[in-house]
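All figures in this text were calculated on a predicted structure; none of them were measured in a lab. We count residues from 1, following the sequence as given.
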Amino acid sequence: MASTETSSTRRDEHWNKTIELSSLDSTVVEERLFGSGEEKHGSDDDGPVVFFCTQCKLTVGDSLSWDGTEEDLNQIKLKRVTDNVIKGKETRLFEPSKQSPCLIVDLICRGCQSVIGMLYTSTPKDLDHKRFTFYFNVASIESYVLGSASQVCAAEGAKEQLVTLEYRCIVEEQLTEMKMLVMSMAHRLEEIEGSLRD
């Protein structure tokens, strides 16, 4: 009876360690991709990322559907993609290791018809987590971080003001006043010059 309790306790401890080791802290991922609930002004964190085909620049996905990376294959994983990504028609054999043959289809860019990634269609049981995820070759895609633009038009600068109807009326009134002032000064100057000549 004591051995049953001991094995049960060991199994529970092993289960807890497995959960602790294999658990991914989703709050870290959410904060990195979506930002925290509090606004951080002046923060250096990157915004959402848009991924696009290297050759034709069509958008293929974004970081809001991010699912991780496969560093050994130099790939990124996305849960969802745009309509610019086409699933290939031919299934082929892919062997990430000798014991794990898989069937995959190519992911093709709709614009330039280049292969930009793959999709697992059949996997051994230990690789079932790879199915229904889009794998993109890092060499075949580029990315753009939203909000990373730094150029500003002169009209958007802090010292510039956009011309509205109200602003235009005020400027026209000021110009009229200045014109009248200059005209009166010119008239006065003529009078002074005339009196000096006499």
Side-chain angles (χ1 to χ4, degrees), residues 4 6-37 43-149:
T4 310
T6 307
S7 65
S8 164
T9 306
R10 284 185 193 155
R11 190 175 343 114
D12 290 343
E13 287 175 6
H14 176 69
W15 175 257
N16 288 339
K17 286 181 184 176
T18 303
I19 293 298
E20 288 170 13
L21 293 175
S22 66
S23 295
L24 178 64
D25 186 5
S26 63
T27 58
V28 172
V29 175
E30 287 175 6
E31 284 178 11
R32 183 74 177 136
L33 291 177
F34 306 116
S36 63
S43 174
D44 291 336
D45 289 341
D46 293 335
V49 179
V50 176
F51 301 106
F52 52 92
C53 174
T54 302
Q55 292 187 16
C56 68
K57 309 298 185 218
L58 275 180
T59 305
V60 296
D62 57 52
S63 62
L64 297 180
S65 60
W66 182 261
D67 198 27
T69 61
E70 285 288 323
E71 292 182 19
D72 54 331
L73 297 174
N74 203 20
Q75 295 177 327
I76 64 165
K77 303 185 297 185
L78 300 179
K79 295 177 215 165
R80 293 179 306 275
V81 295
T82 66
D83 292 335
N84 297 328
V85 177
I86 305 168
K87 270 181 29 179
K89 292 183 171 116
E90 293 185 28
T91 303
R92 63 184 172 95
L93 184 64
F94 176 71
E95 295 185 60
S97 66
K98 298 276 184 190
Q99 298 84 12
S100 306
C102 303
L103 293 177
I104 62 165
V105 293
D106 291 327
L107 296 176
I108 301 167
C109 174
R110 184 180 299 273
C112 61
Q113 303 301 313
S114 61
V115 175
I116 54 177
M118 64 184 186
L119 180 68
Y120 289 86
T121 57
S122 179
T123 59
K125 190 171 189 158
D126 61 324
L127 295 177
D128 276 350
H129 63 278
K130 291 188 174 224
R131 287 194 287 171
F132 309 114
T133 302
F134 299 92
Y135 287 77
F136 288 97
N137 302 324
V138 172
S140 302
I141 59 170
E142 293 181 17
S143 62
Y144 175 75
V145 178
L146 296 178
S148 65

Below 3.5 Å, can you tabulate the donor-acceptor pairs from side chains in residues 108-117 to any protein atom, sequence neighbours excluded?
| from | atom 1 | to | atom 2 | distance (Å) |
| --- | --- | --- | --- | --- |
| Arg110 | NE | Asp83 | O | 2.8 |
| Arg110 | NH2 | Asp83 | O | 2.9 |
| Gln113 | NE2 | Arg110 | O | 3.0 |

Check against side chain to side chain contact (heavy atoms under 4.5 Å, CB included), Tyr144 and Leu146: CA-CA 6 Å; Tyr144 175 75; Leu146 296 178; 4.0 Å; yes

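- Side-chain contact between Val49 and Val145 is present, with heavy atoms from C-beta onward closer than 4.5 Å.
- In this structure, Ser143 contributes its side chain and Val50 its backbone to no donor-acceptor pair below 3.5 Å.
- In this structure Ser100 satisfies the side-chain hydrogen bond (donor to acceptor under 3.5 Å, both in side chains) test together with Ser97, sequence neighbours excluded.
- Taking both residues in full, the closest heavy atoms of Thr82 and Gly61 are given as CG2-N, 4.0 Å, listed atom of the first, atom of the second, then distance.
- The line from CG of Leu58 to SG of Cys53 is 7.0 Å long, rounded to the nearest 0.5 Å.
- Rounding to the nearest 0.5 angstrom, the gap separating the CG atom in Leu103 from the CE atom in Met118 is 12.0 Å.
- Applying the side-chain hydrogen bond (donor to acceptor under 3.5 Å, both in side chains) criterion to Glu70, with sequence neighbours excluded, gives Lys130.
- Asn137 pairs by the side-chain hydrogen bond (donor to acceptor under 3.5 Å, both in side chains) definition with Gln75, not counting sequence neighbours.
- For the atom pair CZ of Phe134 and CZ of Arg80, the computed distance is 10.0 Å after rounding to the nearest 0.5 Å.
- Between Asp128 and Arg131 there is a salt bridge, since a side-chain N of the basic residue sits under 4.0 Å from a carboxylate O of the acidic one.
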Would you tabulate the side-chain donor-acceptor contacts of residues 85-95 under 3.5 Å, counting partners in other chains and residues two or more places apart, or write 'none'?
| from | atom 1 | to | atom 2 | distance (Å) |
| --- | --- | --- | --- | --- |
| Arg92 | NE | Asp106 | OD1 | 3.3 |
| Arg92 | NH2 | Asp106 | OD1 | 2.8 |

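- When all heavy atoms of Thr54 and Lys57 are compared, the closest pair comes out as O-NZ, 2.9 Å.
- Side chain of Asn84 to backbone of Thr59: a donor-acceptor contact under 3.5 angstrom is found.
- Applying the ring-ring contact (aromatic ring centres under 6.0 Å, His included) rule to pairs touching residues 97-126 yields Tyr120-Tyr135, sequence neighbours excluded.
- Note that OG1 of Thr121 and CD1 of Ile104 are 8.0 Å apart. Values are rounded to the nearest 0.5 Å.
- Using a 4.5 Å heavy-atom cutoff, the side chains of Leu119 and Leu107 are in contact.
- The shortest side-chain heavy-atom distance between Ile76 and Phe51 falls under the 4.5 Å cut-off.
- Here the NZ atom belonging to Lys79 is positioned 11.5 Å from the CH2 atom belonging to Trp66, to the nearest 0.5 angstrom.
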